[in-house]
K.L.:
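One structure is given below, represented as structure tokens, and several questions about it will come after.
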Amino acid sequence: MTLSNQLSDLRLFRQYAYVDGKWTHGTTGREEAVIDPATGETLGHIPVLEADQIRGAVDAADQAFAQWRALRADERCERLLAWYDLLQANREDLATIMTLEQGKPLPDARGEVEYGASFVRWFAEEGKRTFGDTIPSHIPNAALGTLKEPVGIAALITPWNFPLAMITRKAAAAMAAGCPVVVKPAHETPFSALALAELAERAGIPAGVFNVVLGDAPEVSKLLCDDERIKALSFTGSTRVGRLLLEQSANTVKRVSLELGGNAPFIVGPDMDPHEAALAAVAAKFQTAGQDCLAANRILVHESIHDAFVEHFAERMAAMTVGNGMQGEVDQGPLIHGQAVDKASAIVDDAVSRGATLVAGDQSQAPGPNFFMPTLLTGVTRDMQVWCEENFAPVAGITAYRDDDEAIAMANDTEYGLAAYVYTHDIRRIWKLLRALEYGMVSVNSVKMTGPPVPFGGVKQSGLGREGGVTGIDEYLETKYYCLGALGSVSGS
Ligand SMILES: NC(=O)c1ccc[n+]([C@@H]2O[C@H](COP(=O)([O-])OP(=O)(O)OC[C@H]3O[C@@H](n4cnc5c(N)ncnc54)[C@H](O)[C@@H]3O)[C@@H](O)[C@H]2O)c1
Ligand SMILES: N[C@@H](CC=O)C(=O)O
């Protein structure tokens with residue numbers, strides 16, 4: 001299935017980079033194919049930009065900065081709201097592009113477009129509330145205060161699992177603050193980013209404010225990190241690459257925000273109905289085929305309901321349909337590529353070789369080479385990869401615990417600290433777990449936890465900073481302190 005015959009607006013499918021308001025091809029003719037993970041077919045090609053073209057994108061952002069920051073916040077808000085309206089109006093095409101390049105089922109892709117657009121609306125409004133402070137003066141005859149100013153150009157490096165929302169959550173915050181952006185999307189899913197650029201242009205976002213560069217990831221990222229004109233780097237992706245970018249940004253002392261990997265525990269208390277908890281756990285595990293930083297990786301169930309929980313979990317899992325996300329109502333699409341399938345197999349083999357029980361997950365049923373059937377392992381232990389690594393696959397590992405203290409120790413037994421789920425109706429247990437879990441986000445009795453008003457982010461090796469919410473825009477703002485001296489008798493107020 002090619003992209004061009006699936007869209008009602010063909011101009012949303014762009015096979016170029018987008019720099020300084022222009023669609024740009026590489027100077028050497030180097031290009032990369034973009035593959036539909038469900039079918040293995042080539043959807044299109046993208047250019048590999050050369051180093052001077054990447055620098056050219058930073059030049060464009062640099063030139064656009066003065067004009068963009070000089071707009072009033074309400075003027076930037078209008079442009080961003082126009083972008084939001086266009087995202088909504090083109091939801092179906094954007095979802096189609098996403099499903100074809102990423103693989104997630106079409107209803108999930110529609111949900112992501114909605115989710116991604118919601119950040120644009122949120123930050124359009126938040127841009128009008130970047131208030132400074134007045135400070136009671138300790139200096140005679142002076143007035144003191146702070147102003148908020150845009151930090152400068154922001155480089156945004158994003159992953160393939162949420163190809164649209166991971167861009168808008170960063171870009172809308174930066175642009176609302178007055179910062180131009182240079183986006184480097186994952187090479188697996190560039191077309192969503194390029195469709196965003198097309199719609200930004202239609203929304204009247206000036207040339208140079210929203211740029212999309214494409215190329216060799218380590219090379220492009222290094223160029224962006226080394227460029228002194230870029231003041232903020234916001235990265236979403238693996239902890240391994242996040243560490244590298246943090247190190248590479250040290251020389252130019254950038255503001256660095258990192259949204260990295262997770263290894264979420266899902267704790268089920270003894271008071272829970274095992275059926276209700278199992279349905280929630282399946283939803284928390286298998287969205288985006290488990291390729292979600294919030295995926296419930298380690299499911300910890302109180303020993304008194306463990307067996308019943310496993311039974312319900314396996315039953316719900318067996319009802320899941322796996323297939324091409326473009327075809328009807330499938331619950332789970334393919335993984336992003338063959339390496340992801342190999343990694344999932346290796347994790348399952350490792351667990352089984354160390355004593356886990358493979359309850360379900362017959363890979364001979366997979367409908368294609370990039371598919372991995374939902375898999376359930378029980379008796380998982382801390383020496384297994386499925387426990388200590390972010391598996392990023394539809395592989396659920398369940399284990400039993402005796403009491404709350406053991407559940408807390410197990411849940412915290414990881415270098416990651418992004419999100420944790422707690423299922424129990426016992427308020428004392430809820431409070432104890434909420435306080436003891438070393439995670440940036442804890443969701444109690446709810447699979448859904450994200451959205452624009454939420455300060456999204458992790459602790460430990462899961463990242464630095466928060467995106468979204470009322471503080472998300474601060475990642476792109478400097479605080480300028482002022483002291484107005486020699487004011488005479490007005491001081492002291
Ligand atoms: N915390 C969050 O909000 C959040 C959200 C989504 C995904 N993630 C994490 O993202 C990871 C999956 O995404 P991924 O596989 O695309 O991650 P990744 O780290 O491999 O890639 C992310 C981005 O970095 C680029 N990149 C890859 N290698 C690079 C290198 N050596 N130097 C510079 N840039 C490089 C990629 O091209 C891509 O644009 C998971 O760990 C997941 O948990 C986190
Ligand atoms: N589901 C997450 C993305 C993680 O992969 C989000 O909502 O940001």
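First listed ligand is number 1; within each ligand, the first listed atom is number 1.
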K.L.:
In terms of atom number and element, which parts of ligand 2 are under 4.0 angstrom from non-hydrogen atoms of R169?
P.N.:
6 (C), 8 (O)
K.L.:
Under 3.5 Å, is there a donor-acceptor pair between the T24 and K22 side chains?
P.N.:
no
K.L.:
Is it the case that E50 and T28 place a side-chain donor and acceptor less than 3.5 Å from each other?
P.N.:
yes
K.L.:
Test your reading of the model: is there a side-chain donor-acceptor pair from D331 to the backbone of V322, 3.5 Å cut-off?
P.N.:
no
K.L.:
Determine whether the aromatic ring centres of W83 and F123 lie less than 6.0 Å apart.
P.N.:
no
K.L.:
Please work out whether any backbone atom (N, CA, C, O) or any side-chain heavy atom from C-beta onward of M166 is under 4.0 Å from ligand 2, and answer side chain, backbone, both or neither.
P.N.:
side chain
K.L.:
Indicate whether the side chain of Q88 and that of E114 have a donor and an acceptor atom separated by less than 3.5 Å.
P.N.:
yes
K.L.:
Could you tell me the separation between the CD1 atom of I167 and the OG atom of S234, rounded to the nearest 0.5 Å?
P.N.:
11.5 Å
K.L.:
Just which atoms of ligand 2 are under 4.0 Å from any heavy atom in C293?
P.N.:
2 (C), 3 (C), 4 (C), 5 (O)
K.L.:
Distance under 4.0 Å, heavy atoms only, partner ligand 1: which residues pass?
P.N.:
I157, T158, P159, W160, N161, M166, R169, K184, P185, A186, A217, P218, S221, F235, T236, G237, S238, V241, L244, L245, E259, L260, G261, G262, C293, E390, F392, L418, F456
K.L.:
Number the atoms of ligand 2 from 1 as they appear, then name those within less than 4.0 Å of a heavy atom of F162, with their elements.
P.N.:
1 (N), 3 (C), 5 (O)
K.L.:
Just need the protein heavy atom nearest to atom 1 (N) of ligand 2, so name the residue and atom and give the distance.
P.N.:
D292 OD1, 3.0 Å
K.L.:
Does any part of the side chain of P190, heavy atoms only, come nearer than 4.5 Å to the side chain of E101, both counted from C-beta?
P.N.:
yes
K.L.:
Under a 3.5 Å cutoff, is there a donor and acceptor pairing between the side chains of R243 and Q461?
P.N.:
yes
K.L.:
Would you say that V241 contacts P218 through its side chain, given a criterion of any heavy-atom pair below 4.5 Å between the two side chains?
P.N.:
no
K.L.:
Provide the number and element of each atom of ligand 2 under 4.0 Å from a heavy atom of T450.
P.N.:
7 (O)
K.L.:
Is a donor on one side and an acceptor on the other found under 3.5 Å between the side chain of E475 and the backbone of E467?
P.N.:
no
K.L.:
May I ask you to list the atoms of ligand 2 that are less than 4.0 angstrom from any heavy atom of Y115?
P.N.:
6 (C), 7 (O), 8 (O)
K.L.:
May I ask you to check whether N161 has an N/O atom sitting below 3.5 Å from an N/O atom of ligand 2?
P.N.:
yes
